[in-house]
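Within every chain, numbering begins at 1; the chains are lettered A, B, ... in the order of the sequence lines, protein sequences first and strands thereafter. The analysis underlying the following values was restricted to heavy atoms, covering all of them including side chains, and did not include hydrogens, waters or symmetry mates.
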Amino acid sequence: MTLLPTIKQLLSMEAVGQSVTVRGWVRTKRETKQAVFLEVNDGSCLSNIQCVLDSFLRQNQSTNESILRLSTGASVEIIGELVPSPAKGQRVEVKCQQLKLIGEAPPERYPLQKKAHSLEFLREIAHLRVRTNTFAAVARVRNRMAFAIHQFFQERGFYYIHTPIITTSDAEGAGAMFQVTSLDLEALSKSGTPIDYEKDFFGKKAFLTVSGQLNVETYCQALSRVYTFGPTFRAENSNTTRHLAEFWMIEPEMAFAHLDDNIALATEFIQYLVAIALQDCAEDIAFFDQRIQPGLRESLERIVKTSFTRMSYTEAIRELEDSNAVFEFKPYWGCDLQSEHEKFLTEKVAGGPVVVTDYPKEIKAFYMKQNEDGKTVAAMDVLVPRFGEIIGGSEREWRLDLLEKRMEELGLAKEPYQWYLDLRRYGSTPHSGFGLGFERLLLYITGMTNIRDVIPFPRAPRQADF
RNA sequence: UCCCCUGUAGCUCAGCUGGCAGAGCAAGUGGCUGUUAACCACUGGGUCCGGUGUUCGAACCACCGCGGGGGAGCCA
């Protein structure tokens, strides 16, 4: 099969009257006595291509009937000549010779109109919302960023590892988990007999993964530089604009790497992705800048040029304590950084992304490397203006005795982690990594404000339609 | 899970102290113009989220339920 040029390609061509075929969906139709103007979009880019049907075509009765039924949302095939446009507004246009109405979209029933719709309304028609400028632009940026993530790591010698979606370890500590079972819950519930997980599919309790990190650490200890990029599930009852029950996470892990290497990688990673978005998604970013988040492009350009502010948790707390700002939650050493604190640090103190390091061990996960001071761990969070944490990572505790001691302190059963502890028993190395929430990155880059609008079909509490 | 806001035409909303259901956009029809958020005129369009109650009378007040949004917590 030979693929026809996309509208994106047609729009960049030199128009010399060559014959072209346009296939896509009608965005608007404007009629005059002399001509009908159709704007057709095929999703290849934000812009539509203008197709002009002159009165000559209307003498053909079947064409004329098609024109009558052409409305916003209808699919069409147009064969014509690509010519320079005599009017302002577009460089080239298609002078239509043949029009085929492929699929109608009756305007009295089709929910999308030739007007702006609210994001809330569009969320209710997730299967159709991608036909709007905003959601198509998000989809294109999402695609480019997914590809750029692989490019970034592949260029640096990282291997892409597929960690499992189903896990039987229920204590990773990263949040509530969805249970996976093949048991007949309805029958069990009616019978009143206690559940015997021996009879379940895996012979024990199983869950959807909340993180690929522990698994990818195993490959890190053989391939040195690795990363995961896959779906992640959290059953937390979170109802916010920055949480999903199903989201995509990127988790690189580097052997022989310390916290500073980790921070350098995270910083370079963000800057790389933003630079690519600015360069390869310029039209979509310009749209977001104009319609969604004024000033977006400028703030993204600044991210690429400016180095991230780095401060320890202790310094961050001091900044908060010394400020005159009034916080709902009074900051003190040992507290978790609240949303308002993160906002203050990024927007008021740094005026850009902030890397906060060396958190109290009590508020971080068991596997993080314990610092010499006995109080903190070698953790790092990257906070960004507008919504806070985008990356969470650390150097890992690679010393067996210290890791076991920490697990005991936290009352974690060691048995399920034997394979993880083996990594420290045999050829252990210092190593570091982090997790980046893909949708949060997309919020940051597109300027969208609700995470449910940067994933095609959002899953959240009481929301799993489509 | 908690707090606040909200639900009226296809969409976005107004609707005063409880007294005949409204606007803009969209749509349909006609007109006009190489149009481009097209323009002008006319027309159609309602389970006022659901239930119960108060009242002579409820879109409006009260209670219960459901949906949506924002914020907080948890986190990526």
S.K.: Kindly say whether, by distance alone, the side chain of A/Q113 makes a donor-acceptor pair under 3.5 Å with the base of B/rG10?
M.R.: yes

S.K.: Mark yes or no for a side-chain to base donor-acceptor pair under 3.5 Å between A/S238 and B/rC74, with no hydrogen or angle criteria applied.
M.R.: yes

S.K.: Under 4.0 Å, counting only non-hydrogen atoms across every strand here, what does A/K115 touch: a base, just sugar-phosphate, or nothing?
M.R.: base

S.K.: Answer yes or no: side-chain N or O of A/H117 and base N or O of B/rC11 forming a donor-acceptor pair under 3.5 Å.
M.R.: no

S.K.: Can you tell me the base-pairing partner of B/rG57? Count Watson-Crick or G-U wobble geometry only, both distances below 3.5 Å, and say none if there is no partner.
M.R.: none

S.K.: Out of curiosity, A/L38 CG to A/L70 CG, how far, rounded to the nearest 0.5 Å?
M.R.: 5.5 Å

S.K.: Rounding to an integer number of angstrom, what distance separates B/rC61 and B/rG57 when you compare their C1' atoms?
M.R.: 13 Å

S.K.: Determine the contact category for A/I390: base if any of its heavy atoms lies under 4.0 Å from a base atom, sugar-phosphate if only primed atoms, P, OP1 or OP2 are that close, otherwise nothing.
M.R.: sugar-phosphate

S.K.: Does a distance-only test, which skips hydrogens and angles, find a donor-acceptor pair under 3.5 Å between the side chain of A/Q90 and the base of B/rU35?
M.R.: yes

S.K.: When you compare B/rA26 with B/rG19, how far apart are their P atoms, in angstrom units rounded to a whole number?
M.R.: 32 Å

S.K.: Quick one: are A/R140 and A/C281 in side-chain contact, heavy atoms under 4.5 Å?
M.R.: no

S.K.: Any base atoms under 4.0 Å from A/E31, or only sugar-phosphate, or nothing? Heavy atoms, all strands.
M.R.: base

S.K.: Taking the side chain of A/T28 as its heavy atoms from C-beta onward, which of B/rA38, B/rG70, B/rG34 lies nearest to it?
M.R.: B/rA38

S.K.: Using distance alone, with no hydrogens and no angle criterion, decide if A/E81 and A/Q97 have a side-chain donor and acceptor under 3.5 Å apart.
M.R.: yes

S.K.: Just do the side-chain contact (heavy atoms from CB on, under 4.5 Å) check on A/E253 and A/I161 with the steps written out, would you?
M.R.: CA-CA 10 Å; A/E253 196 75 28; A/I161 310 301; over 6 Å; no

S.K.: So, A/F37 and B/rG34: ring centres less than 5.5 Å apart, planes less than 30° off, yes or no?
M.R.: no

S.K.: Looking at every strand, decide which applies to A/P86 at a 4.0 Å heavy-atom threshold: base, sugar-phosphate, or nothing.
M.R.: base

S.K.: With rounding to whole Å, what would you report as the distance between B/rC11 and B/rG68 at their C1' atoms?
M.R.: 15 Å

S.K.: Using purine N1 to pyrimidine N3 plus N6-O4 or O6-N4 for Watson-Crick, or N1-O2 and O6-N3 for G-U wobble, each under 3.5 Å, what pairs with B/rG28?
M.R.: B/rC42

S.K.: Per the atom types in the model, does the base of B/rC75 pair as donor or acceptor with the side chain of A/R440 at under 3.5 Å?
M.R.: yes

S.K.: Heavy atoms only, 4.0 Å cut-off, all strands: where does A/S85 land among base, sugar-phosphate and nothing?
M.R.: base

S.K.: P atom, B/rA59 versus B/rG18: distance in rounded Å?
M.R.: 13 Å

S.K.: Mind checking A/F247 for me? I need base, sugar-phosphate or nothing, with any heavy atom below 4.0 Å counting as a touch.
M.R.: base

S.K.: Could you give the distance separating B/rC48 and B/rU6 at their C1' atoms, to the nearest angstrom?
M.R.: 14 Å

S.K.: Please give, in whole Å, the distance from B/rC5 P to A/E120 CD?
M.R.: 18 Å

S.K.: Kindly say whether, by distance alone, the side chain of A/Q50 makes a donor-acceptor pair under 3.5 Å with the base of B/rU35?
M.R.: yes

S.K.: Grab the CH2-C1' distance between A/W248 and B/rC75 for me, whole Å please.
M.R.: 20 Å

S.K.: Just name whichever nucleotide pairs with B/rC66, Watson-Crick or G-U, keeping both distances under 3.5 Å, else none.
M.R.: B/rG7

S.K.: Could you check which nucleotide pairs with B/rG73 in any of the strands shown, counting Watson-Crick or G-U wobble with both distances under 3.5 Å?
M.R.: none

S.K.: Would you please confirm or rule out a distance under 4.0 Å between OP1 or OP2 of B/rC32 and any side-chain N or O of A/T32?
M.R.: no

S.K.: What do the steps show when you test A/S394 against A/R396 for side-chain hydrogen bond (donor to acceptor under 3.5 Å, both in side chains), and what is the final call?
M.R.: CA-CA 6 Å; A/S394 72; A/R396 318 306 187 189; 2.8 Å; yes

S.K.: What is the separation between atom CG on A/L119 and atom C1' on B/rU12, rounded to the nearest whole Å?
M.R.: 13 Å

S.K.: Does A/R30 place a side-chain N or O at less than 4.0 Å from the phosphate oxygens OP1/OP2 of B/rA38?
M.R.: yes

S.K.: Could you check whether the side chain of A/K33 and the base of B/rC32 have a donor-acceptor pair of N or O atoms closer than 3.5 Å, going by distance alone?
M.R.: no

S.K.: Output the rounded distance in Å from CZ (A/R452) to C1' (B/rG70).
M.R.: 11 Å

S.K.: Which of these nucleotides, B/rU35, B/rA72, B/rU1, is closest to any side-chain atom of A/N237?
M.R.: B/rU1

S.K.: Tell me: CG of A/L128 to P of B/rA26, nearest whole Å?
M.R.: 20 Å

S.K.: Determine, stepwise, if the pair A/E217 / A/Y367 fulfils side-chain hydrogen bond (donor to acceptor under 3.5 Å, both in side chains).
M.R.: CA-CA 11 Å; A/E217 277 188 49; A/Y367 51 72; over 6 Å; no

S.K.: Please identify which of these residues, A/E251, A/R156, A/H150, meets the side-chain hydrogen bond (donor to acceptor under 3.5 Å, both in side chains) condition with A/Y227.
M.R.: A/H150

S.K.: To the nearest angstrom, how far is A/E236 atom CD from B/rC2 atom C1'?
M.R.: 15 Å

S.K.: Establish, with yes or no, whether the OP1 or OP2 oxygen of B/rC75 is under 4.0 angstrom from a side-chain nitrogen or oxygen of A/R242.
M.R.: no

S.K.: Expressed as a whole number of Å, how far does the C1' atom of B/rC3 sit from that of B/rU52?
M.R.: 27 Å

S.K.: What is the nucleic acid contact for A/L441, judged by heavy atoms within less than 4.0 Å: base, sugar-phosphate only, or nothing?
M.R.: nothing

S.K.: What is the ring orientation for A/F434 with A/F269, classed by angle as parallel under 30°, tilted 30 to 60°, or perpendicular over 60°?
M.R.: tilted

S.K.: Between B/rG73, B/rG67, B/rG34, spot the one nearest the side chain of A/R462, thanks.
M.R.: B/rG67

S.K.: Which base sits across from B/rU17 as a Watson-Crick or G-U pair, both distances under 3.5 Å?
M.R.: none

S.K.: Which whole number of Å gives the distance between the P atom of B/rC66 and that of B/rG50?
M.R.: 16 Å

S.K.: Rounded to whole Å, how long is the line connecting atom CG of A/D453 with atom C1' of B/rG70?
M.R.: 14 Å

S.K.: Atom NZ of A/K114 to atom C1' of B/rA38: distance rounded to whole Å?
M.R.: 8 Å

S.K.: Nearest-nucleotide wise, let me know which of A/Y110 and A/A245 is further upstream toward the 5' end of RNA chain B.
M.R.: A/Y110

S.K.: Got a second to check how far A/R91's CZ is from A/Q50's CD, nearest 0.5 Å?
M.R.: 14.0 Å

S.K.: Is A/A35 touching bases, backbone alone, or none of the nucleic acid, heavy atoms closer than 4.0 Å?
M.R.: nothing

S.K.: Select base, sugar-phosphate, or nothing to describe what A/S339 touches, counting heavy atoms under 4.0 Å on all strands.
M.R.: sugar-phosphate

S.K.: Compare all side-chain heavy atoms of A/F152 with those of A/L265 and state whether any distance is below 4.5 angstrom.
M.R.: yes

S.K.: Between B/rA9 and B/rC60, how many Å separate the two P atoms, rounded to a whole number?
M.R.: 15 Å

S.K.: Look at all strands and tell whether A/N450 reaches a base, only sugar-phosphate, or nothing, counting heavy atoms closer than 4.0 Å.
M.R.: sugar-phosphate

S.K.: Ignoring hydrogens and angles, answer whether the base of B/rG34 and the side-chain atoms of A/E93 contain a donor-acceptor pair closer than 3.5 Å.
M.R.: yes

S.K.: Have a look at A/E108 and say if it touches a base, only the backbone sugar-phosphate, or nothing, with a 4.0 Å heavy-atom cut-off.
M.R.: nothing

